[in-house]
Each structure stands twice: as C-alpha cells, then as structure tokens.
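See below for the structure under consideration.
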Amino acid sequence: MPELPEVETVRTGLQKLIIGKTIHAATHDTVRSFPNSPEDAASYMIGASVDSIRRRGKALIIALSSGYSLVVHLKMTGQLVYVGDVRFGAGHPSDSLVGTLPDKSTRVTIEFSDGTKLYFNDQRKFGWMRLMPSVQVADLPFMQRLGPEPLEESFTVADFHERLSRRPRSNIKAVLLDQTVIAGVGNIYADESLWGARIHPKRLTGTLTKSEKELLYKEVRFVMNLSIEKGGSSNQTYVNAEGKKGSYMDFARVFRRENQLCQRCGTVIEKIRVAGRGTHICPTCQQE
DNA sequence: CACTTGACCTGTCCGC
DNA sequence: TGCGGACAGGTCAAGT
C-alpha cells in the first residue's frame with residue numbers, strides 16, 4: 001500500500017526527525033527483517049549516525065556514517081515510525097505514540113543516543129529491511145531493474161511512450177504496476193490516473209492512442225504530486241514517520257469508491273478485477 | 001519470450 | 001456469538 005507518495009512522505013518526515021542522530025542500540029526479530037544482512041546486523045549500526053535518507057521507487061535508503069545503509073521496503077503494511085522521548089515534554093510530534101510501541105507488529109527497533117526510537121512495524125511481514133555497504137545498494141538486482149522516477153524532470157512523455165511500447169500486449173494497468181516500467185506506481189495511483197485519463201484498465205497498451213498516453217503521463221504525475229501534498233493515502237495501515245495518516249483518500253476519485261457516483265458523469269463506480277487486483281472504474285468514462 | 005497467476009502473511013469483514 | 005472463507009495488494013517465483 002505504501003506507494004511512491006507514501007514512501008516519499010515517510011522520507012521527508014524522517015529527514016526532519018533522525019538526520020544526524022546516533023544509533024545507540026538496535027533490536028530486531030529473526031532473519032525475516034534482515035534478509036541477506038550480516039548476522040549481527042545490530043552491531044553494524046551501533047555508534048553510526050544517520051547521514052541521509054533517499055527514496056528510489058517504493059524503497060527507502062537510510063545511509064549511515066559507517067558506510068553502511070539500511071534499505072527498507074514497506075510492501076503492504078510496513079511502517080517506519082519515530083517516537084520521541086517523554087523527557088522532551090509536550091508538543092513533540094509523536095508524543096501520542098509514546099507507550100504504544102513496540103507492539104506485536106514491531107520487527108525492528110532502533111534507539112538513538114537521545115532516547116528517541118525508530119520502529120519498523122509490519123503486520124503482514126512482507127516488508128523487509130536490510131543492512132549493506134552503501135556502495136552496493138545500487139547493485140541490488142531490484143534496484144537495477146527499476147524503471148525511471150515518474151516525478152523527475154528527466155522523465156519525459158517520450159520516455160513514457162517508449163516504455164509502454166515495449167509491452168503492447170499487456171493491459172495498461174498491469175504495465176503501470178510493473179516497477180521495471182515506471183517506479184513507484186501501485187494499485188491506488190494506477191486506478192486514479194486511469195480514471196483521470198479516461199482509460200479502461202483492461203485496454204491493451206498497444207491500442208492506446210498517442211493522446212491517451214500523453215494524458216495518462218500527466219495524470220500519473222498529477223495524482224502522485226497531489227498525494228504527496230496530502231501526505232499520502234491511508235486506507236488501512238499506512239502512517240507517516242510521525243504515526244499520522246495521510247488525507248489523499250478524501251480526494252480519491254475512484255479508489256475505494258465503488259457504489260458511489262462518478263464526480264464527472266454521475267455513473268455508479270464499479271469494482272472489478274484486473275491484473276489480479278481490485279480495480280475501480282467509472283464504466284461510462286472508461287470504456288473497454 | 002511475453003504475460004498471468006500463486007505464494008508469501010495477518011487482520012478484518014461478511015455471510016451463515 | 002462463532003467460524004470459515006474471501007479479501008486486502010507489492011513483489012517475485014512459478015506456470016502457461
């Protein structure tokens with residue numbers, strides 16, 4: 001569920017909260033949280049401070065002063081939540097969370113030298129965090145295969161055309177969800193952008209007109225930028241680094257709005273299944 | 001090779 | 001109220 005806008009919101013939150021802090025202790029559950037990491041991952045973190053936090057697609061890269069980085073993928077239900085210290089007094093952004101974490105979904109706890117903590121929680125355990133030398137992060141197979149960042153200036157409509165043209169016989173929704181085509185689009189923003197471009201998610205990419213693809217390119221960027229502005233979407237478990245929900249769902253046009261009326265034409269929004277996922281469409285605006 | 005489906009998990013919701 | 005089953009949807013492995 002955390003897609004590009006949610007992960008970006010977590011990134012900017014952590015940027016404000018943990019840069020420069022020194023790791024004092026770290027605990028984690030068994031191998032699941034740290035696949036392929038040094039067995040004593042915690043000992044590689046202690047004493048290091050947080051240098052920078054980057055995002056690539058839906059992944060976060062927390063670079064430490066020791067030359068190691070924590071690479072995190074939240075998958076469906078992962079959360080990275082920072083909790084202050086009660087000694088900081090009232091007004092700290094995540095005061096309300098003091099005492100509520102860790103809970104049974106907590107997989108990793110990182111404690112900073114000022115007593116504040118960063119929790120990696122994941123109800124469904126699909127997410128992962130791994131520790132590796134920073135110079136090797138770019139060599140991770142999934143990083144190498146990742147498509148371009150849709151919000152970067154360098155990602156042009158021509159790139160979008162070219163990338164879609166490689167998958168002419170797939171339906172457009174499956175292509176939007178494919179991280180090797182474009183990085184960061186998930187189920188929410190695929191549905192939202194297809195509605196915006198009036199394209200049925202089952203349309204084969206090869207049948208899209210040039211103007212439809214141009215519109216879709218704009219819509220993908222529009223919904224992602226709007227969502228970042230709104231702090232992301234929280235339809236179930238997503239929260240930002242301060243444990244707060246995002247408000248994009250208040251603005252969503254079709255996602256999770258089945259049985260409500262299309263704001264463009266008044267038709268009842270339907271939920272169907274495309275590419276194995278729940279998919280929301282306006283059957284009038286989006287003709288197959 | 002291109003493309004689709006199933007598995008990984010756990011909590012929630014729905015119908016009986 | 002309890003219980004089985006469908007569902008949620010990111011990614012990769014396995015299947016067609």
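Chain naming here is simple, since letters A, B, ... match the order of the sequence lines and numbering starts at 1 in each.
The separation between A:Arg107 atom CZ and B:dC8 atom C1' is 13 Å, rounded to whole Å. Following rounding to the nearest Å, A:Glu192 (CD) and C:dG9 (P) show an atom-to-atom distance of 13 Å. The separation between A:Met76 atom CE and C:dC7 atom C1' is 10 Å, rounded to whole Å. Look at NZ on A:Lys202: it is 17 Å from P on B:dC3, rounded to the nearest Å. Computed from coordinates, the A:Asp178 CG to B:dA2 P distance equals 12 Å when rounded to whole Å. Atom NZ in A:Lys173 sits about 15 Å away from atom C1' in B:dT4, given to the nearest Å. When rounded to the nearest whole Å, the span between NZ of A:Lys58 and P of C:dG9 equals 11 Å. Counting to the nearest Å, the P atom of B:dG6 and the CG atom of A:Leu177 are 17 Å from each other.
Taking the side-chain hydrogen bond (donor to acceptor under 3.5 Å, both in side chains) definition, one finds that A:Gln286 meets it with nothing, sequence neighbours left out. Residues passing the salt bridge (Lys or Arg N to Asp or Glu O under 4.0 Å) test with A:Arg198: none are found, sequence neighbours excluded. For A:Asp159, the side-chain hydrogen bond (donor to acceptor under 3.5 Å, both in side chains) partners are A:Thr156, not counting sequence neighbours. For A:Gln179, the side chain to side chain contact (heavy atoms under 4.5 Å, CB included) test picks out A:Lys58, A:Leu146, with sequence neighbours left out. Listed by chain and residue number, A:Glu192 satisfy the side-chain hydrogen bond (donor to acceptor under 3.5 Å, both in side chains) test with A:Tyr248 (two or more places apart in sequence, or in another chain). A search for side-chain hydrogen bond (donor to acceptor under 3.5 Å, both in side chains) contacts involving A:Ser66 returns nothing, not counting sequence neighbours. With sequence neighbours left out, the salt bridge (Lys or Arg N to Asp or Glu O under 4.0 Å) criterion links A:Glu149 to A:Arg55, A:Arg56.
Each of C:dG10, C:dG9, B:dT4 was ranked by its minimum atom distance to the side chain of A:Glu3; first place goes to C:dG10. Side-chain proximity of A:Asn171 to B:dT4, C:dG9, C:dG10: nearest is B:dT4.
Under 4.0 angstrom from either OP1 or OP2 of B:dA2 there lies no side-chain N or O belonging to A:Ser170. Using a 4.0 Å cut-off, some side-chain N or O of A:Arg167 falls inside it from OP1 or OP2 of B:dC3.
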I'd like a table of atom pairs between the protein and nucleotides 12-16 of chain C - only N or O on both sides, under 3.5 Å - with the distance next to each one.
none

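Taking a pair as Watson-Crick or G-U wobble with both distances under 3.5 Å, DNA chain B forms stems of 3 or more consecutive pairs at B:2-8 with C:10-16, B:10-16 with C:2-8.
Comparing the P positions of C:dC7 and B:dT5 gives a spacing of 15 Å, expressed to the nearest Å. Here the separation of B:dC9 from C:dA14, taken at their P atoms, is 15 Å to the nearest Å.
Judged by distance alone, the side chains of A:Ser233 and A:Tyr189 do bring a donor and an acceptor atom under 3.5 Å apart.
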Side chains of residues 128-145 of chain A: which donor-acceptor pairs under 3.5 Å do they make with residues two or more places apart or in other chains?
{"from": "A:Ser134", "atom 1": "OG", "to": "A:Gly67", "atom 2": "O", "distance (Å)": "3.0"}
{"from": "A:Ser134", "atom 1": "OG", "to": "A:Tyr68", "atom 2": "O", "distance (Å)": "3.3"}
{"from": "A:Ser134", "atom 1": "OG", "to": "A:Ser69", "atom 2": "OG", "distance (Å)": "2.7"}

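In this structure, A:Phe126 does not count as stacked on the base of B:dC9 under the 5.5 Å centre distance and 30° plane angle limits.
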Let me have a per-nucleotide readout for nucleotides 10-15 of chain B, 5' to 3', with B, S or -, counting only protein heavy atoms under 4.0 Å.
BS----

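Backbone-only engagement by A:Gly186 is indicated by non-hydrogen atom pairs under 4.0 Å involving sugar-phosphate atoms exclusively.
Here the closest non-hydrogen pair linking A:Phe251 and A:Arg257 is N-NH2, 4.2 Å.
Counting only residues at least two apart or in different chains, salt bridge (charged side-chain N to carboxylate O under 4.0 Å, His left out) contacts with residues 170-187 of chain A comprise A:Arg167-A:Asp178, A:Lys173-A:Asp191.
In this structure, A:Phe112 has its ring center at least 6.0 angstrom away from the ring center of A:His24.
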